[in-house]
A.B. asks: 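One structure is given below, represented as structure tokens, and several questions about it will come after.
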Amino acid sequence: MCITYTHIYNIERRKKVKKVVAILLVLIITCSLIACNSSSNQSKESTAPSASAPKESTAPESSAPTTEDTATEGPQAAGTVGYITDDVDHFARDTYKIGYFYYAPMALNKLHYEAMQNMQSVLNFEASEFSGNDDAETYLRNMEIASTQGFDGYVIESNANVFDRIYEVMNDLDIPYLYTVNAYRDENGANLVPTVVLNQYKNGQTQTQWFYDHYRDYWGDVDESKIVLMSIEYSTAPDLDKRADGVKDKFMELFPDNEILIGDCAGNSLNEQVAYDKAAALISANPDVEHWFITGTIENFGQGAARAIEAAGKEDITLIVTSGANVLPVEWDAGYDGCWVASYAVYNYNYVVPALCGLIALMDGRATWDTLWAESRAPGDICTAYIAGDQMVTIDTYKSVQDEIAKEFGLSE
């Protein structure tokens with residue numbers, strides 16, 4: 001409403017009344033604006049996600065499933081961020097400096113870092129690697145040292161042995177980061193850090209199903225009741241343990257009366273020598289087994305088991321299937337054609353590229369922990385466990401799959 005003061009210019013009393021009313025209106029409006037702004041700020045303070053410290057889970061133990069099994073693979077809605085398909089010019093900003101941290105040197109880490117280096121020219125960043133050399137203090141100290149060297153963000157291959165300590169160190173450093181390979185979950189199973197992982201249970205089940213579908217291609221019509229499963233696993237790493245559960249559960253479903261033998265490598269380094277020793281002991285203790293089906297929760301375990309089988313001269317009665325796509329393809333490239341025949345393949349780029357794209361979205365400010373990959377978040381999770389792409393590969397298919405991956409991530413035409 002517009003007040004025309006010329007109508008009351010000569011009426012002193014009405015002028016005073018109008019002036020008082022006007023002042024009162026201004027005061028009321030001002031107080032209302034202050035109250036609204038205060039309410040808005042309180043709302044922001046209570047809901048704004050942190051780039052480094054997620055809220056504590058309040059999910060009850062009886063809540064909906066909180067594992068990565070229920071997450072959706074890949075982007076599900078237009079306009080989301082944290083993907084290779086993001087509509088953003090990565091070269092319109094300064095070059096980011098990203099650190100890659102892993103617990104112990106393995107072929108997996110070497111090839112993940114190689115993938116990161118190859119993606120530098122696509123996503124405009126410089127990568128540096130930091131190995132803990134199988135020592136927790138070195139691993140954690142590397143993160144602290146790098147924080148003084150101008151790094152903009154971290155990709156961390158987290159380790160179950162020091163989950164809590166990694167989390168504490170990184171929250172103190174206040175540097176954008178996310179995990180690969182292993183998810184960090186609270187007591188209710190809620191994922192606490194943005195992570196690129198596998199659907200671990202599906203991983204294990206797929207390995208066994210592939211074996212069931214193809215073992216006759218290698219052995220012909222054998223007595224399937226004579227097949228024994230040897231599972232080389234690592235029970236203290238939750239993700240690897242779940243992977244092994246998938247293997248064993250599917251085996252019991254498909255071969256309900258058959259024997260399962262377990263070589264648990266927990267407490268040792270994740271390397272092929274430990275797996276060799278476990279497999280060799282089981283082979284020696286069970287000399288009458290007619291057909292071995294061996295799974296390794298990581299490729300190093302499959303490699304060690306394959307060497308043990310070769311040393312025992314039992315290649316003709318053995319088939320080995322593992323999870324991974326870094327060690328076995330190298331073996332195939334070198335001419336290997338033995339009993340280690342297939343892998344549930346999640347290539348280094350399947351892990352590394354989503355992690356890099358998600359981290360860059362965090363560093364750009366285009367996403368927060370609360371919004372990153374939110375459309376793919378499993379019920380009950382605090383942050384999203386992004387499910388990496390997968391495929392079964394053999395010596396006949398791995399090359400074509402590698403070519404497809406390179407095209408998908410902009411590394412070839």
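The shown structure was predicted, so the numbers you read here are calculated from the model rather than taken from an experiment.
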A.B. asks: Would a 4.5 Å heavy-atom cut-off, applied to side chains only, mark Ile298 and Leu270 as touching?
C.D. replies: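 Answer yes - side chains close enough.
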A.B. asks: Between Asp86 (side chain) and Tyr83 (backbone), is there a donor-acceptor pair under 3.5 Å?
C.D. replies: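 Yes, Asp86 side chain to Tyr83 backbone: donor-acceptor pair under 3.5 Å.
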A.B. asks: Check this for me: Asp94, atom CG, are more than 12 non-hydrogen atoms of other residues, nucleotides or ligands nearer than 6.0 Å?
C.D. replies: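 Not more than 12 within 6.0 Å, no.
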A.B. asks: With side chains defined as the heavy atoms from C-beta onward, is the minimum distance between Val222 and Tyr215 less than 4.5 Å?
C.D. replies: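 Yes; the side chains approach each other to less than 4.5 Å.
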A.B. asks: Kindly give the heavy-atom pair with the smallest separation between Pro287 and Ser284, and that separation in Å.
C.D. replies: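 Reported closest heavy-atom pair: CD-O, 3.6 Å.
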A.B. asks: Quick one: pull up CE in Met116 and CZ in Phe125 and give me the separation to the nearest 0.5 Å.
C.D. replies: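 These two atoms lie 5.0 Å from each other.
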A.B. asks: Determine the minimum heavy-atom distance between Trp373 and Gly358, stating which atoms define it.
C.D. replies: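 So the minimum-distance heavy-atom pair works out to CZ2-CA, 3.7 Å.
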A.B. asks: In terms of heavy-atom contacts, does CG of Asp87 have more than 12 from other residues, nucleotides or ligands at under 6.0 Å?
C.D. replies: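 No, because the 6.0 Å sphere around CG of Asp87 holds 12 heavy atoms or fewer from other groups.
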A.B. asks: Would you confirm whether Asp152, through its side chain, and Ile98, through its main-chain N or O, come within 3.5 Å as a donor-acceptor pair?
C.D. replies: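 Judged by distance alone, no pair lies under 3.5 Å.
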A.B. asks: Under a 4.5 Å cut-off applied to non-hydrogen side-chain atoms, are Asn124 and Tyr96 in contact?
C.D. replies: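 The answer is no; the side chains never approach within 4.5 Å.
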A.B. asks: Are the ring centres of Phe101 and Phe151 closer than 6.0 Å?
C.D. replies: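 No, they do not, as the ring centres are separated by 6.0 Å or more.
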A.B. asks: Take Val193 and Trp369, measure what side chain to side chain contact (heavy atoms under 4.5 Å, CB included) needs, and give me the verdict at the end.
C.D. replies: CA-CA 8 Å; Val193 178; Trp369 272 20; 4.1 Å; yes
A.B. asks: What are the two closest heavy atoms between Arg307 and Tyr336, and how far apart are they?
C.D. replies: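 Heavy atoms of Arg307 and Tyr336 come nearest at NH1-CE1, 4.2 Å.
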A.B. asks: Checking Asn271 side chain against Val274 main chain: does a donor-acceptor pair fall under 3.5 Å?
C.D. replies: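 Side chain of Asn271 to backbone of Val274: a pair is present.
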A.B. asks: Show your working on side chain to side chain contact (heavy atoms under 4.5 Å, CB included) between Arg243 and Gln207 and close with a plain yes or no.
C.D. replies: CA-CA 10 Å; Arg243 190 180 300 178; Gln207 291 181 54; 4.3 Å; yes
A.B. asks: Output yes when a side-chain donor or acceptor of Asp264 lies under 3.5 Å from a complementary backbone atom of Ala266, and no otherwise.
C.D. replies: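 Side chain of Asp264 to backbone of Ala266, a donor-acceptor pair under 3.5 Å: yes, one is there.
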A.B. asks: Decide, yes or no, whether a salt bridge links Arg165 with Glu144 under the criterion of side-chain N to carboxylate O below 4.0 Å.
C.D. replies: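 Judged by the 4.0 Å cut-off on N to carboxylate O distance, Arg165 and Glu144 do not form a salt bridge.
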A.B. asks: Give a yes or no on whether Asp217 atom CG has more than 12 heavy-atom contacts from other residues, nucleotides or ligands under 6.0 Å away.
C.D. replies: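 Enclosed.
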A.B. asks: Ignoring hydrogens and angles, state whether a donor on the side chain of Asn133 or Asp135 is under 3.5 Å from an acceptor on the partner side chain.
C.D. replies: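 Checked: Asn133/Asp135 side chains show no N/O donor-acceptor pair below 3.5 Å.
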A.B. asks: Check whether Asn258 reaches the backbone of Ile227 with its side chain - one donor and one acceptor, N or O, closer than 3.5 Å.
C.D. replies: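 Such a contact is found between Asn258 side chain and Ile227 backbone.
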A.B. asks: What closest approach, in Å, do Phe130 and Gly99 show between heavy atoms, and which atom pair accounts for it?
C.D. replies: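 Answer, listing the atom of Phe130 first, then Gly99: CE1-CA, 4.2 Å.
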A.B. asks: Would you compute the distance between atom CD of Glu129 and atom OH of Tyr113 and round it to the nearest 0.5 angstrom?
C.D. replies: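 So the gap between those two atoms works out to 5.0 Å.
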A.B. asks: In Å, rounded to the nearest 0.5 Å, how long is the span from SG of Cys265 to OH of Tyr234?
C.D. replies: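 The OH atom of Tyr234 is 8.5 Å from SG of Cys265, to the nearest 0.5 Å.
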A.B. asks: Assess the side chains of Glu157 and Asn109: does a donor N or O sit below 3.5 Å from an acceptor N or O?
C.D. replies: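 On atom types as modelled, these side chains qualify, holding a pair under 3.5 Å.
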A.B. asks: Can you tell me if Ser158 uses its side chain to pair, donor with acceptor, with the backbone of Asn182 under 3.5 Å?
C.D. replies: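 Yes: the side chain of Ser158 pairs with the backbone of Asn182.
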A.B. asks: Is the ring centre of Phe255 less than 6.0 Å from the ring centre of Tyr212?
C.D. replies: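 Yes - the distance between ring centres of Phe255 and Tyr212 falls below the 6.0 Å cut-off.
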A.B. asks: Side chains of Trp332 and Val393, heavy atoms from C-beta outward: is any pair under 4.5 Å?
C.D. replies: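 Counting from C-beta outward, Trp332 and Val393 do come under 4.5 Å.
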A.B. asks: Kindly give the heavy-atom pair with the smallest separation between Ala136 and Val162, and that separation in Å.
C.D. replies: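 Reported closest heavy-atom pair: CB-CG1, 3.7 Å.
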A.B. asks: Go through it in stages, so that I can follow the logic: the residues are Thr180 and Val352, the test is side chain to side chain contact (heavy atoms under 4.5 Å, CB included), and I'd like the CA-CA distance, side-chain angles, deciding distance and then a yes or no.
C.D. replies: CA-CA 8 Å; Thr180 61; Val352 166; over 6 Å; no
A.B. asks: Backbone N or O of Tyr344 within a donor-acceptor pair of the Asn203 side chain at under 3.5 Å?
C.D. replies: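 No, because the side chain of Asn203 does not come within donor-acceptor range (under 3.5 Å) of the backbone of Tyr344.
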A.B. asks: Before giving the answer on side chain to side chain contact (heavy atoms under 4.5 Å, CB included), spell out for Leu372 and Tyr386 the whole-Å C-alpha distance, their side-chain angles and the decisive distance to 0.1 Å.
C.D. replies: CA-CA 10 Å; Leu372 183 62; Tyr386 180 95; over 6 Å; no
A.B. asks: State, with a plain yes or no, whether a side-chain heavy atom of Val181 is found less than 4.5 Å away from one of Asp239.
C.D. replies: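 The answer is no, as the side chains (C-beta and beyond) never meet within the 4.5 Å cut-off.
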A.B. asks: Glu233 side chain to Ile262 main-chain N or O, any donor-acceptor pair under 3.5 Å?
C.D. replies: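 It does not hold such a pair.
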A.B. asks: Working to the nearest 0.5 angstrom, can you tell me the gap between Phe251 CZ and Gln205 CD?
C.D. replies: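 The CZ atom of Phe251 sits 14.0 Å away from the CD atom of Gln205.
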A.B. asks: Just checking, is any N or O donor in the side chain of Asp370 or Thr368 under 3.5 Å from an acceptor N or O on the other one?
C.D. replies: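 No, because no side-chain N or O of Asp370 sits under 3.5 Å from a partner of the opposite role on Thr368.
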A.B. asks: Within a 6.0 Å radius of atom CD on Glu310, are there more than 12 heavy atoms belonging to other residues, nucleotides or ligands?
C.D. replies: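 Yes, enclosed.
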A.B. asks: Looking only at non-hydrogen atoms, find the nearest pair between Ala279 and Ala308 and report the distance.
C.D. replies: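 In this case the closest contact between Ala279 and Ala308 is CB-CB, 3.8 Å.
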A.B. asks: Any side-chain heavy-atom pair from Leu140 and Glu168 closer than 4.5 angstrom?
C.D. replies: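 A side-chain contact under 4.5 Å is absent here.
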A.B. asks: State whether Glu253 and Lys250 are salt-bridged, where the test is any N-O pair (Lys NZ or Arg NE/NH1/NH2 against Asp/Glu carboxylate O) under 4.0 Å.
C.D. replies: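 Salt bridge flag = yes for Lys250 with Glu253.
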A.B. asks: Are any side-chain N or O atoms of Tyr347 and backbone N or O atoms of Gln391, one a donor and one an acceptor, separated by less than 3.5 Å?
C.D. replies: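 The answer is no, because no donor-acceptor pair under 3.5 Å joins these two groups.
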A.B. asks: Under the 3.5 angstrom rule, does the side chain of Asn326 hit a backbone N or O of Leu111 as a donor-acceptor pair?
C.D. replies: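 A pair under 3.5 Å: no.
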A.B. asks: Less than 4.5 Å apart, any side-chain heavy atom of Trp340 and any of Glu299?
C.D. replies: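 Touching, per the 4.5 Å side-chain cut-off.
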A.B. asks: Identify whether the distance between the nearest side-chain nitrogen and carboxylate oxygen of Asp333 and Lys399 falls below 4.0 Å.
C.D. replies: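 Yes, this pair counts.
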A.B. asks: Would a 4.5 Å heavy-atom cut-off, applied to side chains only, mark Arg216 and Glu224 as touching?
C.D. replies: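 Arg216 vs Glu224: side chains touch.
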A.B. asks: Centroid separation under 6.0 Å, is that true for the rings of Tyr167 and Tyr184?
C.D. replies: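 Yes; Tyr167 has its ring centre under 6.0 Å from that of Tyr184.
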A.B. asks: Is Lys110 atom NZ crowded by more than 12 heavy atoms from other residues, nucleotides or ligands, each under 6.0 Å away?
C.D. replies: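 Incorrect, the count does not exceed 12.
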